[in-house]
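Notes for the one structure printed next.
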Amino acid sequence: MTAPEASRDAGARSPDLSLGATFYARPVLDVARDLLGCVVRHGDSAGVIVETEAYHQAEAACHAHVGLTPRTHILFGPPGLAYVYRSYGIHALLNAVCEPEGVGAAVLIRALEPLEGVDAMRARRGLERLEDLCSGPGKLTQALDIELEFNGSDLAAGPIRIEPAAPGWEEIEPVAGPRIGITKAAELPWRFCAPGARSVSRPRPPALRVLRTR
DNA sequence: CATGGGATTGACT
DNA sequence: GTCAATCCCATGC
């Protein structure tokens, strides 16, 4: 995939070991791939990112495509902020603002592998099975208690934090496919999944289905 | 000010 | 596979 060495060097870490603004200031496709394996933490719960999607103002599926509005201004702001919005009137979806300030782009966090605080996740989701807790963009925000109030918050400073991937993730080749649930620019292969992950949302990319038969 | 669409999920057929 | 639930906000009258 991308050059992991260059990405790691470019992705400066803040003192608390969260990923810093220079990590997010890069091309949104690079960030979407490099976020696989990173850890989203909020309160006592945390999970490993196993699925992302990239959005950029140049294509119509991105909220920033319409330009600068009260709703989208966060997307054009400094990289490394959280963009949280309500989807279908029901779910809060978590994004990481990317590219330099002035460019509207973000990575949607679509699925996590539960890592810590699993019982709290179960309580908030009202479900038991591990694979059902964070296997979707609306599920993971419910599991981690992420709501609209965190829109514009700093993903390095918290309260929601994204931490670097554990060693070894830079060698993992993401499975790319078309983005899910959109009608515009649906042909772009800007969805990225970690191969072998059990908590990827549906529909699973064909490449993952093959890996999981037997 | 009214309207309509959307980056979803879960229940049901 | 189909469909309803339900809310923010952009757009247009």
Side-chain angles (χ1 to χ4, degrees), chain A residues 24 27-29 31-33 35-36 40 47 49-77 79 81-99 103-114 121-153 155 160 162 174-194 197-206 209:
Chain A
Y24 299 99
V28 69
L29 288 173
V31 180
R33 284 181 283 244
L35 276 175
L36 295 178
V40 179
I49 299 173
V50 293
E51 180 180 355
T52 62
E53 282 179 0
Y55 288 85
H56 190 283
Q57 63 179 94
E59 43 88 16
C62 182
H63 291 173
H65 190 64
V66 299
L68 196 57
T69 69
R71 184 197 197 189
T72 63
H73 86 274
I74 293 291
L75 285 169
F76 291 88
L81 298 186
Y83 172 56
V84 185
Y85 75 100
R86 189 163 305 290
S87 175
Y88 291 88
I90 299 174
H91 305 101
L93 268 53
L94 173 66
N95 300 251
V97 174
C98 295
E99 309 255 353
V103 179
V107 172
L108 170 66
I109 310 299
R110 282 194 60 90
L112 305 176
E113 206 75 64
M121 292 186 189
R122 288 194 171 109
R124 285 187 285 259
R125 294 275 295 128
L127 293 166
E128 289 299 312
R129 289 177 63 228
L130 206 59
E131 316 89 73
D132 293 335
L133 297 179
C134 300
S135 54
K139 298 177 183 180
L140 70 92
T141 54
Q142 184 183 27
L144 291 187
D145 196 22
I146 293 170
E147 252 301 333
L148 299 191
E149 59 184 300
F150 299 110
N151 187 38
S153 67
L155 290 172
I160 305 165
I162 300 184
V175 176
R179 295 174 294 183
I180 302 304
I182 58 172
T183 55
K184 298 171 256 182
E187 72 288 352
L188 296 175
W190 285 10
R191 179 196 190 197
F192 303 99
C193 298
R198 300 205 311 164
S199 292
V200 167
S201 70
R202 289 160 73 148
R204 314 186 111 92
R209 278 178 227 155

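Bear in mind that the values here come from a model prediction, so they are computed numbers and not experimental data. Below, chain A is the first sequence line, B the second, and so on; all start at residue 1.
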As a test of reading the structure: which of B:dG6, C:dC7, C:dA10 is closest to the side chain of A:P70, going by heavy atoms? C:dA10
With centres under 5.5 Å and planes under 30°, do A:Y55 and B:dA7 count as stacked? yes
Looking at A:Y55 and A:I182, what are the two nearest heavy atoms and their distance? OH-CG2, 3.8 Å
Do the charged groups of A:R191 and A:E51 touch, with an N to O distance under 4.0 Å? yes
Under 3.5 Å, is there any donor-acceptor pair linking the side chain of A:Y85 to the base of B:dA7? yes
I want to check one thing: is the phosphate of C:dA10, taken as OP1 and OP2, less than 4.0 Å away from some side-chain N or O of A:T69? yes
Give the nucleotide from the list B:dA7, C:dC7, C:dT6 with an atom nearest to the side chain of A:N95. B:dA7
Can you tell me which nucleotide in B:dA7, B:dT8, C:dT11 comes closest to the side chain of A:Y83? B:dA7
Taking C-beta and beyond as the side chain, do A:R179 and A:L108 meet within less than 4.5 Å on heavy atoms? no
For DNA chain B, consecutive-pair runs of 3 or more (Watson-Crick or G-U wobble, both H-bond-type distances under 3.5 Å) give B:1-6 with C:7-12, B:8-12 with C:1-5
Which nucleotide in the set B:dG6, C:dA10, B:dT8 lies at the smallest distance from any side-chain heavy atom of A:R71? C:dA10
Identify whether any heavy atom of A:T183 sits under 4.0 Å from a base atom; if not, whether one sits that close to sugar-phosphate; answer base, sugar-phosphate or nothing. sugar-phosphate
Of B:dT9, C:dA5, C:dC7, the nucleotide closest to the side chain of A:P137 is B:dT9
Atom CD of A:E51 and atom P of B:dT9: how far apart are they, to the nearest Å? 9 Å
Enumerate, atom names and distances included, each donor-acceptor pair closer than 3.5 Å involving a side-chain atom of residues 135-146 of chain A, sequence neighbours excluded.
residue, atom, partner, partner atom, Å
A:S135, OG, A:E131, O, 2.7
A:S135, OG, A:K139, NZ, 3.3
A:T141, OG1, A:A92, O, 2.6
A:T141, OG1, A:G138, O, 3.0
A:Q142, OE1, A:R125, NH1, 2.6
A:Q142, NE2, A:R124, O, 3.3

Table of protein N/O atoms under 3.5 Å from nucleotides 10-12 of chain B N/O atoms:
residue, atom, partner, partner atom, Å
B:dG10, OP1, A:R125, NH1, 3.1
B:dG10, OP1, A:R125, NH2, 2.9
B:dG10, OP2, A:K139, NZ, 3.4

